[in-house]
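Please read these numbers as outputs of a predicted model, since none were measured by experiment.
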Amino acid sequence: MDIRLTRYIWTHTRKQQMWILMIVAISMIPYFLSFDLPKQIVNGPIQGKGFEQPGATERFFDISFSLPWVGNVTLFNGIDLTRMETLYALSVIFLLLVIINGLFKLYINTYKGRLGERLLRRIRFELIDRILRFPPTQFKRMKGAEVSSMVKDEVEPLGGFTGDAFVSPALLGGQALTALAFIFMQNMWLGFIAAFMVGIQATIIPRMRRRLLVLGRERQITARELAGRVSEIVDGISTIHAYDTSNYERADVAARLGRIYKIRYDLYQWKFMVKFINNFLAQLTPFLFYCIGGYLALRGQLDIGQLVAVISAYKDLPGPLKELIDWDQLRQDVQVKYVQVVEQFTVEPLIDPKIQAISTGAVAVGAVAAGAGLAGTAAAASDGGNDASGALAASGLTLADDSGARLLEHVSVEIKPGEKVAIIGGAASGGDVLAEAFGRLIWPEGGKVTLGGEDLLHMPESVVGRAITYASSDTYFFYGSLRDNLLYGLKHAPLAAATYEGSLAAHRKWEVTEAKLAGNPDYDVNGDWIDYTAAGATQAEDLFPSILAVLDTVQLSKDILDLALRTNIDPADRPEFAASIVDMRQALREELEEAGLNGLIAYFEPGEYNMEATVGENLLFGTATAPSVAGRAIAKNPYFRKVVSETGIDRVLFDMGYQIAENAVELFADLPPDHPFFQQLTFMTADDIPAYQLLLQKYAGKGLETATEDDRYQIIRLSFNYVEPRHRFGLLTEELMAQIVEVRRQFHENMPEDLTHDIERYDPEKYLASASLMDNVLFGRISHKHTDGSKRIRAIVSSLLNSQGLIEQVLDIGLDFNLGAGGKRLTAVQRQKLNLARAIIRRSDYYVFNRPLPSLDHRLQDEVVRDVMKLLTRNGANPAVIWVLSNNGLTKLFERVLVFDRGALVEDDTHANLVNNDGVFKQLVTA
């Protein structure tokens, strides 16, 4: 990137800048005419110059001029107008000039804005493009929040300046010079006064503003550092809480905010001081005009029209001049910011753009294409270049970390196509960094890594990125669905364009044009980027079997099934599936009857009380879907309050809640807050005990009528969350349950139309959009009498889904589960499983697994490793597998074992031979 911002702008916007500069030059003509017109209006029709005689007229709009050797040329003779008609005509022309000048400004400013936004888009893309080409070690020295802050915020002013870089000095300078020239034409002395004051402003103000630039740079740097520190707090929040350092972080942040406050306060002081001086100088000139110009007018050396025209012209002079001074300050400011950004993004060596060139052709990976070799992959690359067939090898490889410490020294090893190689070693032995080198996550300090004899770092990513698959225990997932992240490794290039119609097609065409003008690629992110062939499929419809096989291999299917069962879906999106789930309710009942587990689920029945549900659930017999009736808000709903008041159930629930509070306080008041008994209380926490003690004292022997609205809610809330089989206070009688069912009937029978949309009633024949998939299958609550009820129900439901042919659809719903930021909605084990699944779903010639599952116990690791090896070698495929093992006992599954110790390859042989040798391998396996 060019170090000079103005040169960078001119390079990329030369044609547009020349066009807009031409428009600016043309706009000076009506701008000048608008200065002269007030003088003509005052001196002519208003003061009567040229209309001294009654009935006198003036020739208006006479278009004639003289040319050498030609003489007078008349285009239009004009028309004769009286004094009043001339006044109106000149006034109309003045109005037209105002409109024309306004239209010029509108066009120029709009064009500038579009030009600026387009270059801002170019700069941001170029910066992100450079991030994608940074060497791996660079990311260990930079904070993501600081880099994103630079891309998002620090380059923002550059876009605004782009349109002003050449247009503003031309436009503002032209306007100022035009006004100054007009003043000189009216009176030389007034012109000298205006020029002198302009010179003072142009000299003093920019010098004073240099201090503002220094403060602005300090503000930018401290704000960027604050963004980085906040990002560290978010990422390290677990460490902060674990070590009780939250107050230290508060002190650090307060100190940083203090420095920013001091800088900004100094900035404001100096800024407004400069503004005061600038405004004073701007207002001093009219004072001189009135004094000196008035004196000259009284002496007859200046007519009134000229004085009015001069004052009117000067009125338009301070504005452009001030903006021109502001432009100069902005120029210096954005130049400093631009240099700071360029310095941060100038990293050597950057990855050559040719290496990351997109390849839109289908890639046939050798191990998949029945022995075609990696040559087929290379041939499919867009440049038609490197022959990648052959072995993956390290030659005299030396690796070091970013501090210069040697991690691996002079290692040479060759992995042939189809080989199954295990790598083992102790801590910091070097095997893991060799795997990173194969995955291009660390670049050689000495020697090189080759694929088919070609240096790995010089080969296109479209070849190497598909021929070699790398996975480790370090996992990162992008914000989005589980499906998107699972298939992420298949999105190399847009293989099928998206179809657009009507206005969408026109918008897409506009997007492509703008992308090209801004120097961005015009790839369509809405196209189909998934390489189905690489996943063993032909199209989206037959991709799911491959997904299911991979999920089963890494033992993630049950986890995704659980995620799906906890998910809410809209039945309108999947009407057939929703109907199948409703039908499955009866199948579940029959299954439980056959197993003798009739009491495992208490079903929701319209005319019955559900003992396993809360009193509130039984009363509403539905789910509140709108915030206006959800939670505490239902107690404020007029219709609900009317029903409970008329039926008298509010008094019953108040008395019930009072008894619950008495029992809870009596049983738990003396227990410590962390006592496990509190986990059984769904309606009260340890912190609530003192508050309810006060409420019991306050309303002892009193009823509902004496309680305030808030206190009434606090007590009734306890009864709403009460479940008899769980809490066992013996408060639910047959009469009370019957009364609740009757109130429920009245509540739903006369419910207003608007409220029916806010509460989804339990209906045995309908799918409940507000309930999870599991709740829809059960349509009831699991009995508290069975301690393992939830586990048993989950197993029965999973079996039923499989037998009903719904398991794939349910897993498909689970694949839409949003992983959150960085995949943090998954557990560490689930993230590692998904990371491995993302690697093995794509077919490659070489798979490099660098301890991908350290969180799993040895038994599960054994199962997963065996299943992965089977999956990768099915259908005649024979890729090479390089696996850095966490469990050294799994080496027997591999044809060859590499043993590393202290950064050196110490043993390289088969498992059988190494077992018989008394070397490092034997020590590691028997340890």
Side-chain angles (χ1 to χ4, degrees), residues 565-573 578 581-582 585 601-650 652-654 656-657 660 681-685 688 709-724 726-727 732 736-737 739-782:
L565 291 175
R566 299 199 301 265
T567 301
N568 291 28
I569 67 166
D570 187 347
D573 296 335
I581 293 297
V582 172
R585 294 171 183 170
I601 298 178
Y603 302 102
F604 288 121
E605 299 291 351
E608 297 179 11
Y609 187 95
N610 190 314
M611 289 292 293
E612 299 295 341
T614 65
V615 171
E617 287 177 313
N618 275 282
L619 189 59
L620 287 182
F621 201 69
T623 304
T625 58
S628 59
V629 292
R632 185 173 183 173
I634 188 66
K636 297 181 180 179
N637 182 268
Y639 174 69
F640 178 80
R641 295 176 68 172
K642 175 186 176 184
V643 172
V644 297
S645 177
E646 289 178 350
T647 58
I649 195 69
D650 54 350
V652 176
L653 294 178
F654 181 86
M656 183 179 179
I660 293 173
L681 282 183
T682 57
F683 48 74
M684 188 183 296
T685 66
D688 293 332
E709 185 173 343
D710 286 341
D711 291 346
R712 187 181 304 175
Y713 168 77
Q714 291 298 331
I715 294 175
I716 292 179
R717 182 180 67 86
L718 299 181
S719 63
F720 259 60
N721 294 311
Y722 182 75
V723 181
E724 183 64 58
R726 179 172 186 174
H727 303 119
L732 274 177
L736 178 55
M737 289 188 287
Q739 186 178 2
I740 291 174
V741 172
E742 176 59 24
V743 172
R744 172 210 301 173
R745 185 191 62 78
Q746 295 184 33
F747 177 74
H748 285 282
E749 195 173 72
N750 303 308
M751 187 182 293
E753 181 67 24
D754 58 336
L755 199 57
T756 57
H757 301 293
D758 296 338
I759 297 179
E760 187 177 22
R761 186 177 183 181
Y762 295 148
D763 188 337
E765 303 301 323
K766 291 184 179 179
Y767 188 96
L768 306 175
S770 58
S772 69
L773 187 56
M774 175 62 94
D775 287 340
N776 269 283
V777 174
L778 301 182
F779 197 69
R781 292 289 179 263
I782 300 174

Would you say the side chain of [Y] lies within less than 4.5 Å of the side chain of [X], judging by non-hydrogen atoms?
| X | Y | answer |
| --- | --- | --- |
| Asp775 | Arg781 | yes |
| Ile569 | Asp573 | no |
| Leu619 | Phe640 | yes |

Go through the structure and list residues passing side-chain hydrogen bond (donor to acceptor under 3.5 Å, both in side chains) with Thr647, not counting sequence neighbours. none
Spell out, as yes or no, whether a donor-acceptor pair under 3.5 Å connects the side chain of [X] to the backbone of [Y].
| X | Y | value |
| --- | --- | --- |
| Arg566 | Ser772 | no |
| Thr756 | Glu753 | yes |
| His748 | Leu620 | yes |
| Arg744 | Pro606 | yes |

Under the salt bridge (charged side-chain N to carboxylate O under 4.0 Å, His left out) rule, collect the residues that match up with Glu742, sequence neighbours excluded.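 Partners of Glu742 under the salt bridge (charged side-chain N to carboxylate O under 4.0 Å, His left out) test: Arg745.
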Qualifying residues under salt bridge (charged side-chain N to carboxylate O under 4.0 Å, His left out), relative to Asp711, sequence neighbours excluded: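 For Asp711, the residues satisfying salt bridge (charged side-chain N to carboxylate O under 4.0 Å, His left out) (neighbours in sequence not counted) are Lys698.
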Enter the distance from [X]:[atom1] to [Y]:[atom2] here, rounded to the nearest 0.5 Å.
| X | Y | atom1 | atom2 | value |
| --- | --- | --- | --- | --- |
| Arg717 | Ile660 | CZ | CD1 | 10.5 Å |
| Leu653 | Phe720 | CG | CZ | 6.0 Å |
| Leu778 | Ile601 | CG | CD1 | 4.5 Å |
| Glu724 | Leu736 | CD | CG | 10.0 Å |
| Met656 | Leu732 | CE | CG | 4.0 Å |

List the atom of [X], the atom of [Y], and the distance in Å for their closest heavy-atom pair.
| X | Y | answer |
| --- | --- | --- |
| Gly657 | Ser719 | N-CB, 4.0 Å |
| Val743 | Val643 | CG1-CG1, 4.0 Å |
| Thr625 | Glu760 | CG2-CB, 4.1 Å |
| Met751 | Ile759 | CE-CD1, 4.5 Å |
| Phe747 | Tyr639 | O-OH, 2.6 Å |
| Thr623 | Ser770 | CB-OG, 3.3 Å |

Could you go step by step and tell me if Lys766 and Arg761 meet the side-chain contact (heavy atoms from CB on, under 4.5 Å) rule? CA-CA 10 Å; Lys766 291 184 179 179; Arg761 186 177 183 181; over 6 Å; no
Can you pull the side-chain hydrogen bond (donor to acceptor under 3.5 Å, both in side chains) pairs that have at least one residue in residues 603-612, sequence neighbours excluded?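 Output for this query lists Arg589-Glu605, Glu612-Ser783, Glu612-His784.
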Could you list the residues that satisfy ring pair (Phe, Tyr, Trp, His ring centres under 6.0 Å) with Phe779, not counting sequence neighbours?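 If we apply the ring pair (Phe, Tyr, Trp, His ring centres under 6.0 Å) test to Phe779, skipping adjacent residues, the hits are Phe604.
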Run the side chain to side chain contact (heavy atoms under 4.5 Å, CB included) test against Asn776 and tell me which residues pass, sequence neighbours left out.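 Applying side chain to side chain contact (heavy atoms under 4.5 Å, CB included) to Asn776 gives Ile581, Arg585, Tyr767, Leu768, Ala771.
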Passes side-chain contact (heavy atoms from CB on, under 4.5 Å), Thr567 versus Leu773? Steps please. CA-CA 6 Å; Thr567 301; Leu773 187 56; 5.7 Å; no
